[in-house]
Amino acid sequence: GEPRRSSKELVGEVVSKFWLTLWNTYSFFVTYANIDDWTPGGEQPAPEQRDPLDRYILAELHALVKGVTEAYETYDVTSATRPIQAFVEVLSNWYVRLSRRRFWQNEMDDSKRSAYATLHECLVTVSKLVAPAMPFLSDTLYRNLVRAVDAGAPDSVHLAMWPEVDERLIEQSRIDEMRLVQRLVSLGRAARESVKIGVRQPLSDAQFVTRDAKERATVEHMRELIMAELNVKTMSLLDEPLYVLNPLPQVLGKKFGKDFPRVQKALREGAREDVQAWAKALLAKQNVSLTLDGASFEVTPDECQVLMKAPEGFAYAEEGGYMAVINTVLTEDLVLEGLAREVVRRVQSMRKDADYNITDNIVVRYAASDKLKKAIAQFDQYIKSETLAATLEAGEPGEGYFRRDFTTADESDIDGETLSV
């Protein structure tokens, strides 16, 4: 009964941030399920036998069902809807993105069947959870995903039973592990962004600071995933970050009056071992005491910020006791690999613009400036495998080729290089 601000812009935000994300995930599933003739009626691997990534997203899914159900039963509209949007974001931009190669592979093995079964369950469950709020979208998804393949199923999602929680699948340890990985990857990408180096450009190494030994073990366990997400060649853990202290003048200025400047200087410029010790105490929510010229000054955690700093020559991002540090030095091989990845992106875009089927093999001919030509030659197998190119050769295209030129005047040029494909 309360007034609400509404506009087509707000509706547009829902469309772009939720509706299209869910629809594109659904379309991805339908496209590949049709290619492989996969249906939910076949024999599927049990959840406990599936890939760790499947078990993670199922844990998130059943935690979502539990939370949304409780919210509806207590008339908490916000908690009944917004968590669904957050889940769909993770489903699309984490689970599906990391599982794509399992859907792409030719062999229908247990890994691929598990991926199909898991994504199908997620989409069907989401269609039911969102049904009270988005009745038409949910029914469209349900009728194709369920009713079209099971004549005995209810005709509509609005006649179907509400999803049931399987408590056994809510493996909190898996959720915690993956959320830590997502947090560190987000910090790593923020570090890249701070120096304007995109994720397609490979880097030599990344280093992380976590809060405790358990999290360090998780990072080691998830090493390959973190390296792939940040596109780095090696990864390590820092034993201890370099802390810096930022005393808050608006608080300590009033507290210490004329003594504040020397307290501020001591906190900022004190001996490294002292600053490190004070920082650790403040992070542990403990007060610290300084003795200056015989006078004692006590500083609380609310009166001084603890920040982390990376070694010279590295980019970093930090938040809440976590830190990601990346090496920004680019060798020639790293630069060439980055250029090859940019070529792949443009060929994939051309495939889409040319309206090719996702399973079509193609022939690629190209003309490129010297540096780009070297990158293509060095990483030709990678480019061919990523783009389903049967051949990749320098030369002018013949009749019937789909062509595009990427020049230095084009907004999609590659670091000043020229390329025709």
Side-chain angles (χ1 to χ4, degrees), residues 24 27-38 96-109 111-113 115-116 197-204 224 227-233 330-421:
N24 288 338
S27 297
F28 174 90
F29 170 82
V30 170
T31 298
Y32 284 95
N34 284 333
I35 290 172
D36 288 324
D37 292 325
W38 183 90
V96 170
R97 186 170 54 77
L98 294 179
S99 300
R100 281 181 299 188
R101 295 189 185 279
R102 297 163 66 198
F103 291 99
W104 291 346
Q105 68 183 40
N106 293 324
E107 182 185 0
M108 179 59 83
D109 58 9
S111 176
K112 193 171 187 178
R113 275 189 283 269
Y116 275 123
I197 298 179
V199 179
R200 288 190 188 86
Q201 174 59 61
L203 295 174
S204 60
E224 295 301 322
M227 287 171 57
E229 284 298 283
L230 289 178
N231 195 12
V232 296
K233 303 299 183 183
L330 296 176
T331 64
E332 183 183 15
D333 281 346
L334 289 174
V335 170
L336 293 178
E337 186 178 348
L339 290 175
R341 287 173 175 263
E342 293 292 346
V343 171
V344 167
R345 182 169 78 89
R346 283 154 181 79
V347 174
Q348 299 290 48
S349 176
M350 289 176 65
R351 284 183 61 109
K352 184 177 179 181
D353 292 342
D355 200 25
Y356 294 158
N357 292 323
I358 57 176
T359 55
D360 285 342
N361 287 287
I362 60 173
V363 171
V364 179
R365 290 183 181 171
Y366 67 89
S369 51
D370 290 344
K371 192 173 182 179
L372 201 50
K373 189 183 298 182
K374 185 176 180 180
I376 294 172
Q378 185 166 326
F379 295 94
D380 64 330
Q381 290 302 318
Y382 163 74
I383 296 171
K384 287 162 67 175
S385 66
E386 290 293 307
T387 60
L388 292 185
T391 62
L392 175 64
E393 57 191 19
E396 287 297 316
E399 186 177 347
Y401 278 73
F402 183 82
R403 176 171 179 157
R404 180 152 298 162
D405 298 323
F406 302 97
T407 68
T408 53
D410 189 345
E411 62 179 14
S412 59
D413 82 292
I414 307 175
D415 295 337
E417 302 291 322
T418 58
L419 173 69
S420 295
V421 179

* To do: Would you indicate whether the side-chain heavy atoms of Leu230 and Leu203 approach each other to under 4.5 Å?
  => no
* **Pairs involving residues 381-398, ordered by first then second residue, that meet salt bridge (charged side-chain N to carboxylate O under 4.0 Å, His left out) (sequence neighbours left out)** => Arg101-Glu386, Arg365-Glu393, Glu396-Arg403
* Asked: Which heavy-atom pair separates Arg351 from Leu388 by the least distance, and what is that distance?
  -> NH1-CB, 3.7 Å
* Hey, could you give me the CG/CE distance between Asp36 and Met108, rounded to the nearest 0.5 Å? => 4.0 Å
* To do: Could you pull out all residues at least two apart from Asp370 that satisfy salt bridge (Lys or Arg N to Asp or Glu O under 4.0 Å)?
  => none
* Derivation and outcome, side chain to side chain contact (heavy atoms under 4.5 Å, CB included), residues Arg100 and Phe28 -> CA-CA 10 Å; Arg100 281 181 299 188; Phe28 174 90; 4.0 Å; yes
* **Test side chain to side chain contact (heavy atoms under 4.5 Å, CB included) applied to Leu392 and Ile376, step by step** => CA-CA 9 Å; Leu392 175 64; Ile376 294 172; 3.8 Å; yes
* Asked: Rounded to the nearest 0.5 Å, how far does CG of Leu330 lie from CD of Gln201?
  -> 5.0 Å
* Minimum heavy-atom distance between Lys112 and Glu107, given as atom pair plus value -> CD-O, 3.5 Å
* What residues, two or more places apart in sequence or in another chain, satisfy side-chain hydrogen bond (donor to acceptor under 3.5 Å, both in side chains) together with Arg97? -> Glu229
* Minimal non-hydrogen separation, Asn231 against Arg341, with atom names -> OD1-NH2, 3.3 Å
* Under 3.5 Å, is there a donor-acceptor pair between the side chain of Asp109 and the main chain of Ser111? -> yes
* To do: Could you go through the side chain to side chain contact (heavy atoms under 4.5 Å, CB included) check for Arg404 and Asp353 one step at a time?
  => CA-CA 10 Å; Arg404 180 152 298 162; Asp353 292 342; 2.6 Å; yes
* Got a second to check how far Thr391's OG1 is from Asp380's CG, nearest 0.5 Å? -> 11.0 Å
* Backbone N or O of Leu334 within a donor-acceptor pair of the Thr331 side chain at under 3.5 Å? -> yes
* Asked: Could you state the interatomic distance from CZ (Phe406) to OG (Ser420), rounded to the nearest 0.5 Å?
  -> 8.5 Å
* Run through Arg345, Gln348, Met350 and flag the one making a side-chain contact (heavy atoms from CB on, under 4.5 Å) with Thr387. => Gln348
* Asked: Does any N or O in the side chain of Gln378 come within less than 3.5 Å of the main-chain N or O of Glu337, such that one atom is a donor and the other an acceptor?
  -> no
* To do: Just do the side chain to side chain contact (heavy atoms under 4.5 Å, CB included) check on Phe103 and Ile35 with the steps written out, would you?
  => CA-CA 10 Å; Phe103 291 99; Ile35 290 172; over 6 Å; no
* Is any side-chain heavy atom of Leu339 less than 4.5 Å from a side-chain heavy atom of Phe379? -> no
* **Parallel, tilted or perpendicular, as decided by the 30° and 60° cut-offs, for the rings of Trp38 and Tyr116** => parallel
* How many angstroms lie between atom CH2 of Trp104 and atom CD1 of Ile358, to the nearest 0.5 angstrom? -> 9.0 Å
* Asked: Side-chain contact, heavy-atom cut-off 4.5 Å: Ile383 with Val364?
  -> no
